[in-house]
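Quick note on labels: first sequence line is chain A, next is B, and so on, each numbered from 1.
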Amino acid sequence: MPMEKTFDAAEAEARLYAAWDQAGAFAAGANAKPGAEPFCIMIPPPNVTGSLHMGHAFNNTLQDILTRWHRMRGHDVLWQPGQDHAGIATQMVVERELARSQQPSRREMGREAFLEKVWEWKAQSGGRIVEQLKRLGASCDWSRNAFTMSGAPGAPATDKGNFHDAVIKVFVELYNKGLIYRGKRLVNWDPHFETAISDLEVEQVELNGNLWRLRYPLADGATYEHPVAFDEDGRATEWETRDYLVVATTRPETMLGDTGVAVHPDDIRYEHLIGKHVVLPITGRRVPIVGDAYADPDKGTGCVKITPAHDFNDWGVGQRTGLRVINIMDTRAAIALQGNADFAEGCPEDQIAAAIEMFDGRDRYEAREALVTLAGDEGWLDGIDAERHMVPHGDRSKVAIEPFLTDQWFVDTAKIVEPALDAVRRGMAAQEAGQFDETAGYTRILPERDAKTYYHWLENIEPWCISRQLWWGHQIPVWYGPGVEKDGTADYSAENQKVFCGASFEEVAAQARKFYGVGTVHEKADFSAALEDQLESFSNSESSVSLWREPDVLDTWFSSGLWPIGTLGWPEETPELQKYFPTSVLVTGFDIIFFWVARMMMMQLAVVDQIPFHTVYVHALVRDEKGKKMSKSLGNVLDPLELIDEYGADAVRFTLTAMAAMGRDLKLSTQRVAGYRNFTTKLWNACRFAEMNGVWEGHATRTAPPEPKATVNRWILGETARVREAVDEALNGFRFDAAANALYAFTRGKVCDWYVEFAKPLFDDPETAGETRETMAWVLDQCMILLHPIMPFITEELWATTGTRAKPLVHAEWPTYGSEMIDAAADREMNWVVGLIEEIRSARAQVHVPVGLKLDMVQLSLDEAGRGALGRNEALLKRLARIEGISEAAEAPKGALTIAVEGGAFAIPLAGIIDIAEERARLAKTLEKLQKDLGGLRGRLGNPKFVESAPEDVVDETRAKLEQGEDEAEKLSAALKRLAELG
RNA sequence: GGGCGCGUAGCUCAGCGGUAGAGCACUACGUUGACAUCGUAGUGGCCACAGGUUCGAUCCCUGUCGCGCCCA
């Protein structure tokens, strides 16, 4: 059945993918040669809640290209897929689902029942992104699909994998090494999800706000002189005596938790007040005035209110100057004063009662409004200035985060950062020196700019808060028990509780038995249950202790940080771990260098003392065609699946690849995708042309290239060799755009534009028809092979329809031929022929000779090489330049086009057909351009310093160019002169 | 404010010491036996600006001006 006119991507893609999948074509090690070197890519795990967006499409296209390329080269390839459990996002999705279907809420059903719901949801909807990646053509080993929560309590027994054990083991090891600690710290608190988040999960958003100025009365009758008038140099000339300080704040409601006022220690206006006190309005709390450089004398009044429990900077001031810490909010960022002993301490009872009456339980924003109103009414509101300022927001919840004082778990990153920095420093140094060695145990980051980003962050690293107050996640493997006082009595106070860390309760119970010297250890749900249980066993005079487990779970990124070893089966010494670790290349977006890349480096080095990968290729962002970030709110999102529906996966992939210049954002337009869809059609039709000319009859994949005699055929073999080298070089250097563009230029510019055209007359000649069919079959096979990593579907379909194949294209052998296949003579000859044809076409078009008109041509002069070339290629020259016959003459006939080429000149008689003036204008323009070039060349050669200092080959080349150009110019001048004589 | 980049054809971008390239768009012509999802030809550039290094700078260095991103 003859080929269709176009490739039906919508029909073929699913069929082809299913065939690959069923054949196990993507399985680890598929198509590997014996003893092949391993090549492993870890997919950046998409969220289990995720669906494919343009960034994924780009990211995974690049990974797939590398994967397919290595697989075809016979390497032992694993592209490891998987998803991460996305703690907050998944919990949010499932909670929303519960609300929609009017089921009990998370809190109503409790932790265990809720987690069951999450697992149910995951089983039902968690595989969506996998199906979407398949549509893109991603050749992952899906049989190994991993999940960062696999093996966790509650996971379905049918699910494979045990990532959970790896995560727990790492936590315990790092804890035992003293690299993880618990501490009461100010953290970024998300009041919507009621959990701590890491500083990376905080976005700064610029908002319109106010700076409220509040008056705090000085205590004990103190006063100071406040300047009110200034001379032209800014010196104060008049003062007024004030008995209050003015502080400015963007968050007036936090004054309920103020414990001090800071001024700069050198600020002459205030230095005598340091050590004195103010009395806070509302609460009547007496708080000290402290000196701290954090107070900027030039900002506002130079006085800053200090709320250590609700601001990171204030926390620092409080620590340095010994201020109290008063938390005045609950986990939802509502004011919490009732029963708040810290708050009440030191304040008059009636004022506390009034404050509770007015603010307790109110949301922070409501409280702010009420407080400002009150300040206005009572006369201590000094003024309001509108201001734009940055407000930290949770990247998931989009609500303003609240600095919040809680107990959290931290990784002491400062202690594990050095090896991660060192590995990249060494990797980059080797890369710079051109001596990069994939097996040397260091890591390079490409492009170099991103290595700088990596250094910058790691060199200034902060402790990593890894605990989250969520349910969906790896529960921290820590149990608490009472502390023991010197006299042996139990101490249940929070600060003295004993921490036990172990991979299971059994392990922990053993520790506890030893520590307390008891026979039995009970596990209880929480502190109060444990206490109750303890009292009961005490009354039964039982020798036991009751422990309760840390309820918090680990940051999802903590588990993702173990992705390379975790997916390969660590801590088991699996064959895959042996073979594929350290992995080869990580392909990822610049936005998760901190979140993920840096943490994987630190954690792998800390846990198994090896780098996780030797190369990190960082790609840029896919933007819309105007350069805007794609976002739902802007409505400029391009859905990769819709694009695939419309243009086919190959076109989408090729577009992204061709635009993947290192370190540069992509501005994607559908027009561009359409252009590359047309390119796939072009390839399809070249194969169809071949089919119509019997090229595929009896064709089978050949192991060695053909050895044709005709110049045209020898030439295209050389061009093929060139592009193969170019593609390998480009991919070796992660220049995906260069690979795509080289293939585009070759397939379209060489094969379709010229070779197919040249082949037409060759097919008519029985002498050359056979070898041309052979050569064309081989060349088109090479196009399919070399294009396959970028456009797998159409190439696989062509492969199947055009010949007898031992293996599908996905496992075809990647070629290694190179410059030995370039026939320099054929190359020169074909370039000359192409040049001549282009000259003739151009001249014809410029003087408006109808395209259909066949003309005679006169050969005026021609050197030997030219005669040979012309003789061998006359048929195709005549056809492509639409020349009827060629004759020789010493002089050009009157009224002719003049064509000057290397080594000779031709004339095309056109008496009566063309406008002489037009031809004169054309020649004059050509000559003018040529003379300009020649002027430059002469200038350079006339400069003795150039001849002296420039490399010899550059000088020689310049001379040759000049000579050839002068020759051409001479011929053009002669032709012009003739035309002038003609009038 | 600190850090990292980027200003090249109308647009999107390659190139990065030897005098500028691609795709798209545009113009003209064209149904030549693969392809109109096409072909042929063409228009279009003080390579942001100013200095410096060099025989030679779009490319290297310094500064200026514009733009972007990340971190405060």
Side-chain angles (χ1 to χ4, degrees), chain A residues 2-3 5-7 199-200 202 204 312-313 390 392 447-453 455-457 459-460 590-591 593-594 620-621 623 625-629 647-648 651 655 658-669 671-693 695 735 737-738 740-742 744-745 748-749 752-753 756-757 759-760 763-764 780 837-838 840-852 854 879-882 932-933 935-937 939-951 953-955 957-958 961:
Chain A
M3 287 169 70
K5 253 184 132 169
T6 54
F7 172 60
D199 43 7
L200 286 179
V202 175
Q204 301 293 335
F312 286 97
N313 290 313
M390 301 301 270
E448 193 194 344
R449 179 198 344 152
D450 292 287
K452 289 184 186 166
T453 313
Y455 295 145
H456 189 255
W457 190 66
E459 283 162 1
N460 298 288
F590 72 100
D591 49 334
I593 293 177
F594 310 135
L621 203 67
R623 297 170 175 276
E625 55 192 315
K626 294 190 192 78
K628 287 233 164 62
K629 208 165 167 168
Y647 300 104
T655 307
M659 295 177 85
M662 225 191 264
R664 190 124 183 177
D665 284 348
L666 289 71
K667 293 181 191 163
L668 187 66
S669 74
Q671 210 175 27
R672 193 84 190 252
V673 184
Y676 288 120
R677 188 269 322 270
N678 297 352
F679 171 62
T680 66
T681 306
K682 190 82 182 167
L683 174 68
W684 183 265
N685 276 294
C687 293
R688 199 163 81 99
F689 167 79
E691 183 194 42
M692 290 169 168
N693 286 280
V695 165
R735 297 296 315 266
D737 59 330
N741 292 329
Y744 186 96
R748 182 153 218 161
C752 294
D753 285 352
V756 166
E757 294 305 325
K760 287 171 184 173
F763 283 142
D764 293 339
L780 289 172
I837 292 170
E838 283 180 335
I840 298 172
R841 280 173 172 174
S842 176
R844 288 175 57 125
Q846 282 182 60
V847 298
H848 307 295
V849 176
V851 178
K854 289 201 157 191
R879 186 185 187 104
L880 296 183
R882 304 200 67 72
K932 206 182 138 200
D933 288 350
L937 294 171
R940 281 159 69 193
L941 286 166
N943 181 349
K945 282 186 170 171
F946 170 70
V947 184
E948 242 169 72
S949 7
D953 56 328
V954 173
V955 179
E957 200 189 308
T958 311
K961 261 192 212 161

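- In a base pair of the Watson-Crick type (N1 to N3 plus N6-O4 or O6-N4) or a G-U wobble (N1-O2 and O6-N3), with each distance short of 3.5 Å, B:U53 is matched with no nucleotide.
- The nucleotide B:G68 finds its pairing partner in B:C4, both defining distances of the Watson-Crick or G-U wobble pair being shorter than 3.5 Å.
- On the P atoms, B:G68 is 14 Å away from B:C13, given to the nearest whole Å.
- Rounded to whole Å, the distance from CD on A:Glu957 to P on B:C55 is 21 Å.
- Side-chain atoms of A:Arg688 lie closest to B:A34 of the nucleotides B:C55, B:A34, B:G39.
- Spacing between B:G7 and B:U58 at atom C1', rounded to whole Å, works out to 12 Å.
- Using a 4.0 Å heavy-atom criterion, one finds that A:Arg841 contacts the sugar-phosphate atoms exclusively.
- The interatomic distance linking A:Leu683 (CG) with B:U37 (P) rounds to 18 Å, in whole Å.
- Looking at A:Val954 and A:Phe946, their side chains come closer than 4.5 Å, going by heavy atoms from C-beta outward.
- Between B:A41 and B:U8, the two P atoms lie 28 Å apart (nearest whole Å).
- Base pairing annotation: B:C16 forms no Watson-Crick or G-U wobble pair, as no partner gives both donor-acceptor distances under 3.5 Å.
- Separating the CD atom of A:Glu448 from the P atom of B:C4 is a distance of 11 Å, rounded to the nearest angstrom.
- Between A:Lys5 and B:U37, a side-chain N or O to OP1/OP2 separation shorter than 4.0 Å is absent.
- When heavy atoms are screened at a 4.0 angstrom cut-off, A:Cys752 is found touching base atoms of the nucleic acid.
- At the heavy-atom level, A:Glu838 lies under 4.0 Å from the strands shown only through sugar-phosphate atoms.
- Take the nearest nucleotide of RNA chain B for A:Ala843 and for A:Phe679: the residue whose nucleotide is more 5' is A:Phe679.
- In a base pair of the Watson-Crick type (N1 to N3 plus N6-O4 or O6-N4) or a G-U wobble (N1-O2 and O6-N3), with each distance short of 3.5 Å, B:C46 is matched with no nucleotide.
- Between A:Ser842 and B:G42 there is a side-chain polar atom (N or O) within less than 4.0 angstrom of OP1 or OP2.
- Positionally, the nearest nucleotide of RNA chain B for A:Arg449 lies more toward the 5' end than for the other of A:Gly675 and A:Arg449.
- Listed for the A:Arg844 side chain is a donor-acceptor partner under 3.5 Å among the backbone atoms of A:Arg882.
- Atom C1' of nucleotide B:C69 and atom CG of A:Asp450 are separated by 11 Å, given to the nearest angstrom.
- The two residues A:Trp684 and A:Lys5 come nearest to each other via the heavy atoms CD1-O, 3.5 Å.
- Taking 4.0 angstrom as the limit, A:Asn460 places none of its side-chain polar atoms (N or O) nearer than this to OP1 or OP2 of B:C71.
- Comparing B:C38, B:A34, B:G15 against the side chain of A:Ala686 picks out B:A34 as the nearest.
- When the nucleotides B:C55, B:C24, B:G15 are ranked by their closest atom to the side chain of A:Asn943, B:C55 comes out on top.
- Between A:Lys452 and B:G5 there is a side-chain polar atom (N or O) within less than 4.0 angstrom of OP1 or OP2.
- Closest contact between the side chain of A:Ser949 and the listed nucleotides B:C55, B:U12, B:A41 involves B:C55.
- The C1' atoms of B:A22 and B:C47 are separated by 15 Å, rounded to the nearest whole Å.
- For the P atom pair drawn from B:A20 and B:C46, the interatomic distance equals 13 Å after rounding to whole Å.
- Panel note: side chain A:Glu691, backbone A:Met3; a donor-acceptor pair is recorded below 3.5 Å.
- A:Pro944 comes within contact range of no nucleotide atom at all, as no heavy-atom separation falls under 4.0 Å.
- A:Asn460 places a side-chain N or O within 3.5 Å of a backbone atom of A:His456 that can act as its donor or acceptor partner.
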For nucleotides 27-33 of chain B, 5' to 3', base contacts (B), sugar-phosphate-only contacts (S) and non-contacts (-) with protein non-hydrogen atoms under 4.0 Å give --S--BB
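- Under the Watson-Crick or G-U wobble criterion, with both distances below 3.5 Å, B:C11 is paired with B:G23.
- Of the P atoms belonging to B:U31 and B:G39, the separation is 16 Å, rounded to the nearest Å.
- One P atom belongs to B:A50, the other to B:C59, and the distance between them is 12 Å to the nearest Å.
- Comparing the same atom, C1', in B:U64 and in B:G45 gives a spacing of 23 Å after rounding to whole Å.
- Looking at heavy-atom distances under 4.0 Å, A:Asn741 makes no contact with the nucleic acid at all.
- Rounding to whole angstrom units, CZ of residue A:Phe7 and C1' of B:A34 are separated by 17 Å.
- Of the possible donor and acceptor atoms, none in the side chain of A:Asn693 sits under 3.5 Å from a partner among the backbone N and O of A:Val695.
- For A:Ala950, whose side chain is taken as the heavy atoms from C-beta onward, the closest listed nucleotide among B:A25, B:G18, B:U12 is B:G18.
- Among the heavy atoms of the strands lying under 4.0 Å from A:Glu757 is at least one base atom, whether or not backbone atoms are also near.
- Scanning both residues, A:Val947 and A:Leu941, for their nearest heavy atoms gives CG2-O, 3.5 Å.
- Scanning for salt bridge (charged side-chain N to carboxylate O under 4.0 Å, His left out) contacts around A:Arg841 gives an empty result, with sequence neighbours left out.
- Straight-line distance from the CZ atom of A:Phe946 to the P atom of B:G17: 17 Å, rounded to whole Å.
- Minimum interatomic distance between A:Ala658 and A:Asp737 (heavy atoms only, all atoms of both residues): O-CB, 3.3 Å.
- Taking the ring-ring contact (aromatic ring centres under 6.0 Å, His included) definition, one finds that A:Tyr676 meets it with A:Phe654, A:Tyr744, sequence neighbours left out.
- Using a 4.0 Å heavy-atom distance criterion, A:Thr453 is classed as making no nucleic acid contact.
- For A:Asn685 and A:Arg688, the side-chain atoms include at least one donor-acceptor pair closer than 3.5 Å.
- In this structure, A:Tyr676 places its OH atom 13 Å from P of B:C13, rounding to the nearest Å.
- B:G33 is unpaired under the Watson-Crick or G-U wobble criterion, no partner having all donor-acceptor distances under 3.5 Å.
- If you check every strand for non-hydrogen atoms under 4.0 Å, A:Lys854 touches nothing.
- At the heavy-atom level, A:Lys682 lies under 4.0 Å from base atoms of the strands shown.
- Side-chain to base pairing of A:Arg940 with B:U19: one donor and one acceptor N or O lie within less than 3.5 Å of each other.
- Distance CZ (A:Arg748) to P (B:G39): 5 Å, rounded to an integer number of Å.
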